[in-house]
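Take a look at the structure below.
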Amino acid sequence: MNTVVVGAGPAGVRAVETLLQAGIRPIWLDEARDGGGRVYQRPPSAIALDAAKLYGFEAVRAQSIHRTFEQTAAQTDWRPGTLVWQVRAEKNVFEVRTLTDGLRHGRVLAERLLLCTGATERIVPIPGWTLPGVTTLGGAQIALKTQNCAIGSRVSLVGTGPLLWLLAHQYVKAGVTVAALIDTTAARVKRASAWPMLRYGAATLAKGLVYLFSARRGAQQVHEGAVPLAIEGTDHVSGLRWRDDAGREHRVDCDAVAMGWGLRPESQLADLAGIPFHFDHLQRQWLPTVDAAGRSPVAGVYCAGDGASIGGAEVAELAGARAAWAMIADRAGTVDTQAVSRLDQALARQARLRAALELAFPYPAALAASVDDDTILCRCESLTAGMVRAAAAPSAPTGAARELNRAKAVSRLGMGRCQGRMCASAAAEVLASVHQIQIAKVGRLRAQPPVRPIPMVVQEEIT
């Protein structure tokens with residue numbers, strides 16, 4: 001019976017490498033045409049970019065992932081350009097529904113399934129965030145990596161987290177004018193987490209300091225502990241307004257804005273596979289329940305990388321290899337106990353570092369909960385925050401929605417193309433604020449197939 005790996009980012013590459021070493025030839029699926037994931041995404045072959053310039057401090061790691069992918073893909077049943085849009089149990093095996101970029105539907109039956117699905121960014125809606133010229137931090141970074149271009153000539157960056165400062169550093173090095181860098185986390189909060197980061201990840205802290213110093217030196221304005229007020233413009237971005245930590249309001253002219261507040265797992269396939277979820281108070285979001293080795297409570301299903309819990313590319317590599325060893329052990333295969341022990345130790349150390357990073361760059365729950373009534377919250381369905389609050393109010397005709405899926409049923413929240421990927425985090429904070437309850441009690445949006453919009457075509461192949 002088949003072993004199937006979904007995802008060819010850092011977790012998927014290291015997992016497949018380990019499986020091959022144990023003599024297991026998996027079916028390997030990825031929506032992209034190439035390996036490396038978003039973090040180590042390569043530009044088109046027609047665009048020649050130096051790896052050191054493209055990936056900076058991570059160039060060696062990126063090149064290692066690329067080499068390993070090229071070596072391993074040829075030894076597997078590698079299926080690029082393949083979207084996995086459904087997973088379900090069927091007679092003690094898992095049916096994996098796919099769609100190729102040639103618009104051909106398929107069905108793969110798997111005895112063991114490893115999900116390395118990565119992450120998307122978390123957004124806090126602010127007035128004007130749907131204007132042309134606004135993108136996520138990751139989107140702005142991908143444009144730089146894949147096309148060697150910026151999203152504008154005068155760019156403002158808004159949010160919090162390591163990616164905010166990394167992108168500022170990359171844009172400054174690329175010669176882009178960073179008009180303003182607005183971090184919603186105060187500097188004192190970051191400093192409070194410096195000692196744990198130094199203890200458990202001195203190299204990571206050192207790289208972070210380089211990014212901070214570079215951004216501070218290169219950006220025209222840098223404000224920490226600030227509150228973004230609005231992105232201005234009519235048919236395109238023309239400026240950004242914010243309030244600093246002293247309460248003073250500012251405005252800067254810019255023609256593009258990149259925004260983001262950390263990451264959230266792409267966990268829809270894990271949900272469809274039947275994996276239970278738990279609320280992680282540190283990350284302030286729902287995560288698939290897996291053990292330290294990547295095993296889920298659903299026999300035969302495993303998760304690794306940011307699709308299981310946000311940890312970054314280095315953690316994803318470790319977790320992918322560890323999950324593969326769990327799969328090998330569960331097949332009664334021979335396990336390299338020393339390699340497993342090293343992975344466990346490294347993952348435990350990285351978990352402590354990740355906890356420090358989460359404390360240093362917290363998701364701004366209060367900012368999300370207080371989004372203006374007139375601000376679009378769910379852009380797919382054009383729902384404002386006020387509409388969601390109305391659905392949650394005791395006076396609502398359908399009764400007060402106290403849970404996300406109820407709010408979805410009565411307002412269409414999260415029913416659009418992104419299925420709540422962009423709006424669910426902020427919507428949960430709004431509902432929790434309306435009812436004055438803990439965020440975990442609001443619940444999470446349940447996944448529905450297809451996890452992405454797909455065309456309906458009649459061709460089908462079963463493997």
Side-chain angles (χ1 to χ4, degrees), residues 121-137 140 150-169 171-172 176-194 208-209 211-234 236-262 284 359-377 384-386 425-426 429-430 433:
E121 288 177 84
R122 285 202 285 184
I123 295 299
V124 175
I126 59 177
W129 76 290
T130 58
L131 279 169
V134 181
T135 186
T136 64
L137 297 173
I151 61 172
S153 58
R154 281 183 55 83
V155 180
S156 291
L157 309 179
V158 184
T160 197
L163 181 56
L164 175 73
W165 295 87
L166 170 59
L167 181 63
H169 163 75
Y171 264 37
V172 167
V176 181
T177 299
V178 177
L181 187 157
I182 309 302
D183 192 335
T184 55
T185 302
R188 65 179 182 279
V189 176
K190 301 185 189 71
R191 288 194 295 269
S193 298
L209 291 175
Y211 301 149
L212 260 69
F213 291 146
S214 171
R216 288 181 182 280
R217 184 173 60 251
Q220 293 184 346
Q221 297 189 54
V222 176
H223 291 268
E224 296 171 85
V227 176
L229 299 176
I231 300 169
E232 297 182 339
T234 51
H236 197 276
V237 172
S238 62
L240 172 71
R241 287 193 298 111
W242 72 93
R243 184 170 59 247
D244 66 24
D245 57 358
R248 297 182 294 263
E249 289 196 11
H250 304 261
R251 185 191 182 280
V252 65
D253 290 329
C254 57
D255 59 4
V257 173
M259 56 192 292
W261 284 265
R284 205 171 177 84
L359 293 173
F361 299 101
Y363 181 74
L367 179 62
S370 61
V371 60
D372 293 344
D373 277 347
D374 294 336
T375 301
I376 292 289
L377 182 62
T384 65
S425 293
E429 300 291 353
V430 169
S433 176

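Values in this document were obtained by computation on a predicted structure and should not be read as measured data. Below, all heavy atoms of this structure are taken into account, side chains as well, without hydrogens, waters or symmetry copies.
Separating the CG atom in Leu137 from the CG atom in Leu166 is a distance of 9.5 Å, to the nearest 0.5 Å. To the nearest 0.5 Å, the span separating CD on Glu232 from SG on Cys254 amounts to 9.0 Å. Taking CD1 of Ile126 as the reference point, atom OG1 of Thr184 lies at 10.5 Å (rounded to 0.5 Å). Taking CZ of Arg241 as the start and CD1 of Ile182 as the end, the distance is 12.5 Å to the nearest 0.5 Å. Separating the CH2 atom in Trp165 from the CG atom in Leu212 is a distance of 4.5 Å, to the nearest 0.5 Å. With values rounded to the nearest 0.5 angstrom, Tyr171 atom OH is found 7.5 Å from Leu157 atom CG.
Residues Trp261 and Pro228 come closest through the heavy atom pair CZ2-CG, 4.3 Å. Between Ala168 and Val178, the shortest heavy-atom distance links the atoms O-CG2, 4.3 Å. Across every non-hydrogen atom of His223 and Asp244, the tightest pair is ND1-CB, 3.9 Å. Across all their heavy atoms, Val430 and Ala368 have their closest contact at CG2-O, 3.6 Å. Of all non-hydrogen atoms in Val176 and Gly152, the two that sit nearest each other are CG1-O, 4.0 Å. Residues Glu121 and Gly260 come closest through the heavy atom pair OE1-CA, 4.0 Å.
Looking at heavy atoms from C-beta onward, Asp373 lies out of side-chain contact with Thr384 at the 4.5 angstrom threshold. For the pair Ser156 and Ile231, the minimum side-chain heavy-atom distance is 4.5 Å or more. The side-chain heavy atoms of Ile376 and Pro125, taken from C-beta on, include no pair separated by under 4.5 Å. In this structure, the side chains of Val371 and Glu429 stay at 4.5 Å or more apart for every pair of heavy atoms. Side-chain contact between Glu224 and Asp245 is absent, with no heavy-atom pair separated by less than 4.5 Å.
Between Asp253 and Arg251 there is a salt bridge, since at least one side-chain N of the basic residue sits less than 4.0 Å from a carboxylate O of the acidic one.
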- Task: Decide yes or no on side-chain contact (heavy atoms from CB on, under 4.5 Å) for Val252 and Arg154, but give the supporting numbers first.
- Result: CA-CA 10 Å; Val252 65; Arg154 281 183 55 83; 3.7 Å; yes
- Task: Tell me, with the steps shown, if Tyr363 and Val124 meet side-chain contact (heavy atoms from CB on, under 4.5 Å).
- Result: CA-CA 9 Å; Tyr363 181 74; Val124 175; 3.8 Å; yes
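Using cut-offs of 30° and 60° for the angle between ring planes, the Trp242 and His250 rings count as parallel.
Between Lys190 and the choices Asp183, Thr160, Thr185, the side-chain hydrogen bond (donor to acceptor under 3.5 Å, both in side chains) rule is met once, by Asp183.
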